[in-house]
Visitor: 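Have a look at this one.
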Amino acid sequence: MNPESTYKKLERKFYTRNLLTVAKELLGKIFVKNDGGIVFSGIIVEVEAYDGSVDEAAHTYKGKTKRNEIMFGIGGFLYVYFTYGAHFCSNVVTGTQDSGTAVLIRALEPLEGINRMIFNRFGRDLIKEKEKFNLTNGPGKVCKAMSITKDHYGVDLTGNKIFLLDQPKINDARISISKRIGIKKSVDLPWRFYLNDNPYVSRK
DNA sequence: CCACGGATTGGCT
DNA sequence: GCCAATCCGTGGA
């Protein structure tokens with residue numbers, strides 16, 4: 001971790017920029033949840049971008065609803081949704097008012113709160129060595145490990161409960177770009193970004 | 001009111 | 001590699 005930037009929280013202006021710019025720059029930043037002193041954190045290593053104005057896979061494609069309304073606000077808020085009857089997924093809202101854009105956090109490299117993440121994910125305290133790469137390598141796993149639920153819908157990322165810490169921008173040579181995973185519409189958009197040298201990504 | 005299916009995961013073949 | 005689990009937002013009748 002770079003000491004110069006470890007404690008500098010990302011501000012509103014980081015999030016209100018263009019979707020794809022923010023998506024790519026989120027790689028390497030530190031995602032932090034501090035809920036009553038219980039701290040979880042991890043390096044963002046994999047994301048996907050969603051834009052309702054052009055992207056049929058985005059939850060905002062068909063207009064505003066109660067579920068997606070936070071995505072139509074300004075950037076810098078958390079959009080949490082529930083899917084497949086089992087999983088929550090976290091997104092960072094981006095752009096200006098009514099842009100309907102957000103970045104799905106698909107994987108983290110755990111930093112703090114790892115023992116509690118292990119218990120949240122597996123219901124036990126000890127894991128095999130290879131299981132540490134299975135803690136937060138998927139959007140549902142990230143939320144399960146950090147206890148992120150619908151209660152965190154709309155949290156302001158410039159506040160103190162869930163926020164991101166700045167880190168140096170990642171060199172393009174370390175970033176891979178691909179099609180997004182698990183969608184059935186707009187499948188060819190190259191809007192998935194991940195660190196190609198990191199073992200915590202959900203898949204290469 | 002009811003039917004459909006999903007930005008996933010984990011277990012089984 | 002294939003597929004069921006499981007709930008609720010969404011859209012049509």
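Chain A is the first sequence line, chain B the second, and so forth, proteins listed ahead of strands; every chain is numbered from 1.
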Visitor: To the nearest Å, give me how far apart OH (A:Y84) and P (B:dT8) are.
Guide: 5 Å
Visitor: Could you point out which residue of A:I105, A:I181, A:N198 forms a side chain to side chain contact (heavy atoms under 4.5 Å, CB included) with A:E46?
Guide: A:I181
Visitor: Heavy-atom contacts under 4.0 Å between residues 185-193 of chain A and DNA chain B, which residues?
Guide: none
Visitor: In whole angstrom, what separates A:I181's CD1 from B:dT8's P?
Guide: 8 Å
Visitor: Under a 4.0 Å N-O cut-off, is there an ion pair linking A:R124 with A:E131?
Guide: yes
Visitor: Looking at DNA chain B, which of residues 90-108 of chain A put a heavy atom within less than 4.0 Å of it?
Guide: A:N91, A:L104, A:R106
Visitor: Given side chain to side chain contact (heavy atoms under 4.5 Å, CB included), test A:L108 with A:I43 step by step and report yes or no.
Guide: CA-CA 5 Å; A:L108 301 175; A:I43 302 167; over 6 Å; no
Visitor: Between B:dC2 and C:dT6, how many Å separate the two P atoms, rounded to a whole number?
Guide: 22 Å
Visitor: Check this for me, if you would: do A:E129 and A:K132 make a salt bridge, where the nitrogen-to-carboxylate-oxygen distance has to be below 4.0 angstrom?
Guide: yes
Visitor: Taking the six-membered ring of A:F163, is NZ or CZ of A:K9 closer than 6.0 Å to its centre and within 45° of its axis?
Guide: yes
Visitor: Is the closest side-chain donor-acceptor distance between A:T96 and A:T16 under 3.5 Å?
Guide: no
Visitor: Should the side chain of A:Y81 and the base of B:dA7 be counted as holding a donor-acceptor pair, with the cut-off at 3.5 Å?
Guide: yes
Visitor: Could you state the atom-to-atom distance from CZ of A:R203 to P of C:dG1 in whole Å?
Guide: 10 Å
Visitor: Charged N to carboxylate O below 4.0 Å: is that the case for A:E25 and A:R17?
Guide: yes
Visitor: In this structure, is the centre-to-centre distance between the rings of A:F82 and A:H87 below 6.0 Å?
Guide: no
Visitor: Using a strict heavy-atom distance below 4.0 Å, which residues from residues 135-146 of chain A are in contact with DNA chain B?
Guide: A:G138, A:P139, A:G140, A:K141
Visitor: In this structure, how many angstroms lie between the C1' atom of B:dG6 and the CZ atom of A:R180, rounded?
Guide: 14 Å
Visitor: Dump every N/O contact between nucleotides 9-13 of chain C and the protein below 3.5 Å, one line per pair.
Guide:
from	atom 1	to	atom 2	distance (Å)
C:dT10	OP1	A:T65	OG1	2.3
C:dT10	OP2	A:T65	OG1	3.4

Visitor: So which of residues 42-57 of chain A are in contact with DNA chain B, with a heavy-atom cut-off of under 4.0 Å?
Guide: A:Y50, A:A57
Visitor: With a 6.0 Å cut-off on ring centres, are A:Y81 and A:F88 close enough?
Guide: no
Visitor: Apply salt bridge (charged side-chain N to carboxylate O under 4.0 Å, His left out) to A:D156 and A:K161, showing your working.
Guide: CA-CA 8 Å; A:D156 186 346; A:K161 193 160 184 173; over 6 Å; no
Visitor: If you measure only the distance, is there a donor-acceptor pair under 3.5 Å linking the side chains of A:K141 and A:N137?
Guide: yes
Visitor: May I have the distance from A:Y61 (atom OH) to B:dA7 (atom P), rounded to whole angstrom?
Guide: 15 Å
Visitor: Any Lys/Arg nitrogen of A:R180 or A:D55 sitting under 4.0 Å from an Asp/Glu carboxylate oxygen of the other?
Guide: yes
Visitor: A:V92 pairs by side chain to side chain contact (heavy atoms under 4.5 Å, CB included) with which of A:F77, A:F14, A:Y15?
Guide: A:Y15
Visitor: Are A:E56 and A:K185 within salt-bridge range, i.e. N to O under 4.0 Å?
Guide: no
Visitor: What does the 5'-to-3' dot-bracket notation of DNA chain C look like when only Watson-Crick and G-U wobble pairs under 3.5 Å count, and pairs to other strands show as |?
Guide: |||||.||||||.
Visitor: Which residue in the set A:L111, A:N120, A:T136 passes side chain to side chain contact (heavy atoms under 4.5 Å, CB included) when paired with A:F40?
Guide: A:N120
Visitor: Dump the intermediate steps for salt bridge (charged side-chain N to carboxylate O under 4.0 Å, His left out) on A:R106 and A:E48, then the final yes or no.
Guide: CA-CA 7 Å; A:R106 284 197 56 92; A:E48 284 177 358; 3.8 Å; yes
Visitor: Which whole-number value in Å describes the distance from A:H87 NE2 to C:dC7 C1'?
Guide: 11 Å
Visitor: Rounding to a whole Å, what distance do you find between A:I183:CD1 and B:dT8:C1'?
Guide: 14 Å
Visitor: Can you tell me how far CG of A:L20 sits from CG of A:L189, rounded to the nearest 0.5 angstrom?
Guide: 9.0 Å
Visitor: Kindly determine whether A:F31 and A:V142 satisfy side chain to side chain contact (heavy atoms under 4.5 Å, CB included), including the steps that lead there.
Guide: CA-CA 11 Å; A:F31 185 96; A:V142 167; 5.5 Å; no
